[in-house]
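Comments concern the structure below.
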Amino acid sequence: MTRDDSAEAARTLLLEGLAALPLNATDHQLAQLLELAGLLEKWSKRINLTGHRTLPEIVRRLVLDAAALAAQLPEIASLADIGSGAGFPGLPIAILRADCRVTLVESRERRHHFQRQAIRQLGIGNVRAELGRAEALEPSIHAAAIAQAVARPADALPLLLPWVGAGGLLLFPGSKPPPPIPEDDPRVRFEPCVGYRVPLGGAERTLWIARKTAAETH
């Protein structure tokens, strides 16, 4: 497949996938998502940012996966993406939710540098990238926080709690069946689990949403 064929296949996948969700993306948002995928493909030839190497794979497995998650989220003013890796799902969410302020928290320098390059090159004004471990940084308060890379909600919970205020949302994406959640934790109240599928025959996903019931004490 030539470079032009790959780019056209990726664009077709993205258009069809977003239409299936559905998400009303502008031409500018579409261009940003495709540019993000292209930048990740380029960087991944030099450093190991993702196991998905081709542009269509990145769109299908990463961009549309993040977009499917974005379609499940309630309206939120801000989001902390803890352990965000190459910026997924935070960067696509920031592109698709332009009114949502997103903070990417990543401890590995090369991934952090990629995030900063993507923010600059794509002109995503509602994102900032922080380098460091979530538990070591001074947390800023957000309306919601997510830790997609941490499979177990019980393990992610202590990382997320300091980044949201009382009443804030804690987001725990997972596969099907959903991972077990901690029971009888007075700091959070879990809502019923949401099930959804990534478009174009993608994976079945689940999403636990918990609300922080009280301000964290330090």
Side-chain angles (χ1 to χ4, degrees), residues 14 17-26 29-30 32-33 36 62-85 87-105 124-128 134 139-183 185-199 202-216:
L14 183 60
L18 293 178
L21 284 173
L23 282 173
N24 296 320
T26 66
Q29 288 169 324
L30 288 169
Q32 285 181 311
L33 290 171
L36 173 61
L62 295 179
V63 177
L64 286 179
D65 201 320
L69 173 61
Q72 302 299 320
L73 300 182
E75 292 297 324
I76 49 176
S78 58
L79 174 71
D81 183 4
I82 305 301
S84 55
F88 292 82
L91 287 173
I93 290 174
I95 290 170
L96 292 166
R97 297 279 192 96
D99 57 346
C100 178
R101 173 175 57 88
V102 175
T103 300
L104 308 175
V105 178
I124 314 174
N126 57 323
V127 184
R128 64 185 176 94
S140 53
I141 300 302
H142 295 68
I146 188 170
Q148 182 167 273
V150 183
R152 289 172 49 85
D155 297 331
L157 193 59
L159 299 177
L160 299 185
L161 279 168
W163 292 82
V164 299
L169 300 181
L170 309 171
L171 311 173
F172 305 97
S175 56
K176 189 176 181 180
I181 57 175
E183 297 183 2
D185 190 320
R187 298 172 297 177
V188 291
R189 184 180 70 254
F190 278 86
E191 299 178 1
C193 188
V194 175
Y196 65 98
R197 180 184 288 275
V198 178
E204 289 188 84
R205 301 292 193 205
T206 57
L207 176 64
W208 286 109
I209 299 178
R211 190 172 296 276
K212 185 174 178 179
T213 57
E216 192 78 351

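Quick note: residue numbers are just sequence positions, from 1.
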Would you say that [X] contacts [Y] through its side chain, given a criterion of any heavy-atom pair below 4.5 Å between the two side chains?
X: L36; Y: F88; answer: yes
X: L161; Y: L170; answer: yes
X: L79; Y: L171; answer: yes
X: I146; Y: L69; answer: yes
X: L18; Y: Q29; answer: no
X: D81; Y: P89; answer: yes
X: T206; Y: P179; answer: yes
X: I124; Y: N126; answer: yes

So which atom in [X] and which in [Y] form the shortest heavy-atom distance, rounded to 0.1 Å?
X: I82; Y: A134; answer: CG2-CB, 3.4 Å
X: E191; Y: R211; answer: OE2-NH2, 4.0 Å
X: I141; Y: R101; answer: O-NH2, 3.7 Å

Do the side-chain N and O atoms of S140 and R128 include a donor-acceptor pair separated by under 3.5 angstrom?
-> yes

Return yes if some donor-acceptor pair links the side-chain N/O of R97 with the main-chain N/O of A70 below 3.5 Å, else return no.
-> yes

Under 3.5 Å, is there a donor-acceptor pair between the side chain of R187 and the main chain of L157?
-> no

Separation of [Y] [atom2] from [X] [atom1] (nearest 0.5 Å):
X: R205; Y: S175; atom1: CZ; atom2: OG; result: 7.0 Å
X: L169; Y: L160; atom1: CG; atom2: CG; result: 11.5 Å
X: L207; Y: Q72; atom1: CG; atom2: CD; result: 7.0 Å
X: I93; Y: I76; atom1: CD1; atom2: CD1; result: 7.0 Å

Using a cut-off of 6.0 Å, state whether more than 12 heavy atoms not belonging to R197 lie near its atom CZ.
-> yes

Fit a plane to each ring of H142 and W163, take the angle between them on a 0 to 90° scale, and name the class: parallel (under 30°), tilted (30 to 60°) or perpendicular (over 60°).
-> tilted

